[in-house]
Visitor: 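Once you've had a glance at the structure underneath, I'll fire off some questions.
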Amino acid sequence: MAVLLSTNLITLNVMKHLLFSSLVLTLTSPLNALPTVGPDYQRPETTAPSAYRDASSSPAQAALPEAWWNSLGDPALDALETRALASNQNLRAALARIEQARAVAGVARSSYLPALSLDPSVTRERTSRNTPNVLPNATGTTWRLPLDLKWELDLFGRNRRLNEGAKAELEAAGAGFEAARLSLTAEVASTYFTLRSLDQEIRIVNETTGFRRDALKLAQARFKRGLDAELDVVRAETELATTEAEASALALRQSSIRNAIAVLLGEPAPAFSLAETVAFPTEIPGVPAGLPGDLLTRRPDIAVAERALAAANARIGLAKAAFFPTISLTGSTGFASADLGDLLKSDSRAWSIGPSVYLPLFQGGRNRANLDRSKAAYEETLAAYNQSVLTAFQEVQDSLSASRFLGEQGSALQRAVASARRGAVLSRKRHDAGFVSYLEVVDAERTALEVERSQVRLQGQRWLTHISLIKALGGGWKQPAS
């Protein structure tokens, strides 16, 4: 029964929407031939560079899945993205903004239709003896049941510009939701890989802490046998304490990042947990950057700026329409009677009809000021749109260049890690043979630790750059049909 009732309500709402849309189209079709004051919107021309620097040789028109994080090959990340898309509060707020814009557009559409109202009333009154009345000192009751109608004729396009702007703002809200969705998924992926990189770094530091404990025990034993000086024991204690302090600092940062992921997922941080893992993907997939001109249709934030520009253009027409007359048809019909029992009789019928014209003769410069403000607002929005395009090109180019140079840096660090590890082994052997002091061993092992940690941090940075590039390109897209 509940399902049937729900289905009937949905059907009723759909029929209501279709009837409303049909009525709007019927009433507005004749108005489309009338002049509409103000400039018609034209999307601004934007000169895009012919190609990006440092772009890969992958096909320019290759597709990237809409759920682009699935291409990264990490099921744990896929699960986090799903939870974030379902429960993130900022995304829900963006969805609510769409509903607000849709409601505003509905209010704007209603301006095409007549306003019909029922205003029943009852009045009990007595006339004064001291005023010139036909029937002095008369007391009476009047019952009224009027049905009033008012319809503004959109002769100069004021309502059309109002609807044009509301539609553009609705589309901007939709693009804003897509921008919020892209930003959320990118932030979840970036925070996740930051955490995984930190897990690797903590693993290295914890292993080093174990080595430091063993080194301290060895130094103490050698000191007792008279093979090493007490200074070597002190240095071993210092290195162990320093490494333990570093491990605690990394653990604190790990906790903060895990809490940040909980907020992105719309979950309370104290109840959130994420298993640590030592698995860290090393192969970073390529991203087809495509042509720079494609960026204008891929990025949702550019779509937001462009739709805001269209809305600002419509507001110029709205401000210009204020200079022209407003013509409305008004009418009233209903019943009026001194006796409630006679209210609905034919003799109680009353009606009136007639046009009204509002002509702005002198407004003290208000309309001119509003028009100037609308034009200036359009120029501001145009500059914001152009800036968003320039920023988009910059972000893509920054990410492409970073991908290239970080890759080169990674190759160099890989060689450095191998050399540092070998140096640490050789220093330990030389110390055990009595050729060098323990200080050389400490320096060699500290160098190896720092280089290994730098390599892990760089790998995490490369993943963050990869995600930034996907975000800068607008997320996933489909390959255009040939």
Visitor: Return the OG1 to CD distance between Thr185 and Glu187, rounded to the nearest 0.5 Å.
Guide: 10.0 Å
Visitor: Whether the side chain of Ser388 engages the backbone of Tyr385 through a donor-acceptor N/O pair (distance < 3.5 Å, no angle test) should be reported.
Guide: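 Such a contact is found between Ser388 side chain and Tyr385 backbone.
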Visitor: So, do Val188 and Trp69 sit near enough that their side-chain heavy atoms are less than 4.5 Å apart?
Guide: no
Visitor: Show every donor-acceptor pair shorter than 3.5 Å between a side-chain atom in residues 329-339 and any protein atom, with sequence neighbours excluded, or say none if there are none.
Guide:
{"from": "Thr330", "atom 1": "OG1", "to": "Gly354", "atom 2": "O", "distance (Å)": "2.9"}
{"from": "Ser332", "atom 1": "OG", "to": "Asp148", "atom 2": "OD1", "distance (Å)": "2.7"}
{"from": "Ser337", "atom 1": "OG", "to": "Asp339", "atom 2": "N", "distance (Å)": "3.1"}
{"from": "Ser337", "atom 1": "OG", "to": "Asp339", "atom 2": "O", "distance (Å)": "2.8"}
{"from": "Asp339", "atom 1": "OD1", "to": "Gly341", "atom 2": "N", "distance (Å)": "3.1"}

Visitor: Working to the nearest 0.5 angstrom, can you tell me the gap between Gln461 CD and Thr465 OG1?
Guide: 5.5 Å
Visitor: Please check if the side chain of Gln397 supplies one atom and the backbone of Arg53 the other of a donor-acceptor pair under 3.5 Å.
Guide: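 Checked: pair present.
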Visitor: Closest heavy-atom contact between Leu170 and Arg102?
Guide: CD1-N, 3.5 Å
Visitor: Between Asn88 and Leu265, does a side chain to side chain contact (heavy atoms under 4.5 Å, CB included) hold up when you go through it step by step?
Guide: CA-CA 5 Å; Asn88 180 264; Leu265 270 55; over 6 Å; no
Visitor: Can any side-chain N or O of Glu395 pair as donor or acceptor with the backbone N or O of Phe393 at less than 3.5 Å?
Guide: no
Visitor: Does the side chain of Tyr192 reach to within under 4.5 Å of the side chain of Asp74, using non-hydrogen atoms?
Guide: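 A side-chain contact exists here, since the closest heavy-atom pair is under 4.5 Å.
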Visitor: First locate atom OG of Ser346, then atom CZ of Arg349, and finally report the distance between them rounded to the nearest 0.5 Å.
Guide: 5.5 Å
Visitor: With the side chain counted from C-beta on, respond yes when Ile316 and Leu371 share a heavy-atom pair under 4.5 Å apart, and no when they do not.
Guide: yes
Visitor: Give me the atom names and distance for the closest heavy-atom approach of Ala173 to Ala101.
Guide: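 Heavy-atom minimum between the residues: CB-CB, 3.8 Å.
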Visitor: Using only atom types and a distance under 3.5 Å, with no angle test, would you say the side chain of Asp154 pairs donor to acceptor with the backbone of Arg160?
Guide: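 Yes: the side chain of Asp154 pairs with the backbone of Arg160.
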Visitor: Is there side-chain contact between Arg144 and Val122, with at least one heavy-atom pair below 4.5 Å?
Guide: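 No, their side chains stay 4.5 Å or more apart.
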Visitor: Identify whether the distance between the nearest side-chain nitrogen and carboxylate oxygen of Lys167 and Glu164 falls below 4.0 Å.
Guide: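 Answer for the salt bridge query: no.
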Visitor: Identify the heavy atoms of Ser190 and Ile467 that sit nearest to each other, and give their distance.
Guide: OG-CG2, 3.5 Å
Visitor: Answer whether the closest heavy-atom distance between the side chains of Gln200 and Arg196 falls below 4.5 Å.
Guide: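 Sidechains of Arg196 and Gln200: no contact.
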Visitor: So with a 6.0 Å cut-off around CD of Glu408, is the heavy-atom count from everything else above 12?
Guide: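 Counting other residues, nucleotides and ligands, CD of Glu408 exceeds 12 neighbours.
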Visitor: Give the intermediate values and the outcome of side chain to side chain donor-acceptor pair (under 3.5 Å) for residues Gln100 and Arg97.
Guide: CA-CA 5 Å; Gln100 293 177 53; Arg97 286 192 290 271; over 6 Å; no
Visitor: Compare all side-chain heavy atoms of Glu201 with those of Leu198 and state whether any distance is below 4.5 angstrom.
Guide: yes
Visitor: Please check: side-chain N/O of Ser401 versus main-chain N/O of Asp398, any donor-acceptor pairing under 3.5 Å?
Guide: no
Visitor: Closer than 3.5 angstrom, by distance alone: can the side chain of Ser111 be matched with the main-chain N or O of Ala108 as a donor-acceptor pair?
Guide: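 Such a contact is found between Ser111 side chain and Ala108 backbone.
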Visitor: Pair Glu246, Arg453 - check side chain to side chain contact (heavy atoms under 4.5 Å, CB included), show working.
Guide: CA-CA 12 Å; Glu246 189 67 23; Arg453 291 180 62 185; 2.9 Å; yes
Visitor: Taking 4.0 angstrom as the limit, do Lys375 and Asp372 come out as a salt bridge?
Guide: no
Visitor: Are side-chain heavy atoms of Leu400 and Arg404 found at a separation under 4.5 Å?
Guide: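 Leu400 vs Arg404: side chains apart.
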Visitor: Work out which heavy atom in Ala84 is nearest to a heavy atom in Leu184; give both atom names and the distance.
Guide: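 Smallest interatomic distance, heavy atoms only, reads O-CD2, 3.7 Å.
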Visitor: Taking all heavy atoms of Ala105 and all of Ala166, pick out the closest pair and write down the distance.
Guide: CA-CB, 3.8 Å
Visitor: Rounded to the nearest 0.5 Å, what's the gap from CG on Leu91 to CZ on Phe177? Could you check?
Guide: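 Rounded to the nearest 0.5 Å, the CG-CZ separation comes to 4.5 Å.
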Visitor: Assess the residue pair Arg315 and Thr381 against the criterion (side chain to side chain contact (heavy atoms under 4.5 Å, CB included)); give the C-alpha distance rounded to whole Å, side-chain angles, the decisive distance to 0.1 Å, and a yes or no.
Guide: CA-CA 12 Å; Arg315 285 191 285 270; Thr381 312; 5.5 Å; no
Visitor: Working note: Phe324 + Leu155, criterion side chain to side chain contact (heavy atoms under 4.5 Å, CB included); need CA distance, chi angles, decisive distance, verdict.
Guide: CA-CA 9 Å; Phe324 294 85; Leu155 299 180; over 6 Å; no
Visitor: Any side-chain to backbone donor/acceptor pair from Ser197 onto Phe193? Under 3.5 Å, distance only.
Guide: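 Not at all, since once roles are kept as given, no pair shorter than 3.5 Å links the two residues.
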Visitor: Is a side-chain donor or acceptor of Arg462 paired with a backbone partner of Ile284 at a separation under 3.5 angstrom?
Guide: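 Not confirmed, Arg462 side chain does not pair with Ile284 backbone.
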Visitor: Check this for me: Glu99, atom CD, are more than 12 non-hydrogen atoms of other residues, nucleotides or ligands nearer than 6.0 Å?
Guide: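 Counting neighbours around CD of Glu99, more than 12 heavy atoms of other residues, nucleotides or ligands fall under 6.0 Å, so yes.
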Visitor: Distance from Ser328 atom OG to Leu153 atom CG, nearest 0.5 Å?
Guide: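 Nearest 0.5 Å value for the OG-CG distance: 7.0 Å.
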Visitor: Measuring only between side-chain heavy atoms, which start at C-beta, is Lys320 closer than 4.5 Å to Thr36?
Guide: no
Visitor: Quick check: does any side chain N or O of Ser183 sit under 3.5 Å from a backbone N or O of Ala179, one acting as donor and the other as acceptor?
Guide: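 A pair under 3.5 Å: no.
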Visitor: Counting heavy atoms not belonging to Ile353, are there more than 12 under 6.0 Å from its CD1?
Guide: no
Visitor: Looking at CG of Leu149 and OG of Ser117, how far apart are the two atoms once the value is rounded to the nearest 0.5 Å?
Guide: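 Output value for this atom pair is 8.5 Å.
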Visitor: Between Ala269 and Asn259, what is the shortest heavy-atom contact and its length?
Guide: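 In terms of heavy atoms, the two residues are closest at CB-OD1, 3.7 Å.
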Visitor: Between the side chains of Asp301 and Arg299, is the shortest nitrogen-to-carboxylate-oxygen separation below 4.0 Å, so that they form an ion pair?
Guide: yes
Visitor: Do any side-chain atoms of residues 305-312 form donor-acceptor pairs under 3.5 angstrom with protein atoms, and if so which ones, sequence neighbours left out?
Guide:
{"from": "Glu306", "atom 1": "OE2", "to": "Tyr41", "atom 2": "OH", "distance (Å)": "2.6"}
{"from": "Arg307", "atom 1": "NH1", "to": "Glu171", "atom 2": "OE1", "distance (Å)": "2.7"}

Visitor: With distance as the sole test, does Thr82 use its side chain to make a donor-acceptor pair with the main-chain N or O of Asp78 at under 3.5 Å?
Guide: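 Yes, because the side chain of Thr82 sits within donor-acceptor range (under 3.5 Å) of the backbone of Asp78.
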